Amino acid sequence: DPWNGIRFGSTQYGAIYAGIIVFCVYAWVRRIHLLRLFDLCIPSVTLALGVGRFGCFFGGCCLGKQLPLGWELPAFFPNYQYFPASLITAFANIGIAFFLTTRPINSRPVGGRLAWFFILTTTERFLAEFVRITEPVALGLSLVQWMALPLFMCGMVIFMWRRYTI
């Protein structure tokens with residue numbers, strides 16, 4: 001089923017890509033500095049991603065790989081025979097959100113929080129895909145891992161731009 005990767009697993013990046021477009025349009029219409037707007041809002045977005053992952057865990061979607069025979073979570077956990085990938089990504093995203101709040105909001109040049117967001121959340125999700133039940137699409141990587149790569153590169157470009165801009 002060619003739509004399987006779009007229905008399961010890539011919704012996070014669909015929301016991020018759509019959110020970027022909406023933020024750009026909003027900043028343009030309201031004449032707000034785009035990177036400053038991202039820096040202001042990105043910790044909340046990251047926290048929302050983490051809370052959403054709790055929903056994935058308790059809803060039973062986004063399963064991790066099956067645990068080896070004899071290993072299992074407590075029986076009150078949904079899908080207790082599977083690795084709790086959603087639970088781990090939930091805590092990782094919440095941790096990233098708290099880290100982002102420690103980054104200065106009014107530093108010059110702007111964009112530091114956005115760069116950290118792209119680098120940390122895409123790295124977390126790229127690695128989490130190795131313990132989730134996913135189908136590789138090309139070169140052994142899942143669709144979600146391929147979708148993470150451009151955002152990771154955006155984060156690196158923003159860091160490089162910030163480093164050489166005074």
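Just so it is clear, the model here is predicted, and its values are computed rather than measured. For reference, positions follow the sequence shown, starting with 1.
To the nearest 0.5 angstrom, F23 atom CZ is 9.5 Å from I20 atom CD1. Atoms OG and CZ, on S142 and F126 in that order, are 8.0 Å from each other to the nearest 0.5 Å. Interatomic distance, SG of C154 versus CG of L149, reported as 11.0 Å (0.5 Å rounding). Atom-to-atom distance recorded for R132:CZ and I88:CD1 is 12.5 Å, nearest 0.5 angstrom. Note: F57 CZ to L63 CG = 10.0 Å, rounded to the nearest 0.5 Å. How far CG of L49 is from CZ of R125: 9.5 Å, rounded to the nearest 0.5 Å.
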Stepwise side chain to side chain contact (heavy atoms under 4.5 Å, CB included) check, R53 with L87:
CA-CA 7 Å; R53 289 289 162 213; L87 193 60; over 6 Å; no
Let me see the working for F130 and F83 under ring-ring contact (aromatic ring centres under 6.0 Å, His included), right down to the final yes or no.
CA-CA 11 Å; F130 289 113; F83 185 80; over 10 Å; no
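Remark: the backbone N or O of G111 is paired with a side-chain donor or acceptor of D39 at under 3.5 angstrom. Not one N or O on the side chain of T123 forms a donor-acceptor pair closer than 3.5 Å with the backbone of L120.
A continuous path of ILVMFWY side-chain contacts below 4.5 Å connects V131 to W71, so both sit in one hydrophobic cluster.
Between W116 and F99, the ring-plane angle classifies as perpendicular under the 30° and 60° cut-offs.
Aromatic rings of F118 and F159 (six-membered ring for Trp) have centroids beyond the 6.0 Å cut-off, not under it.
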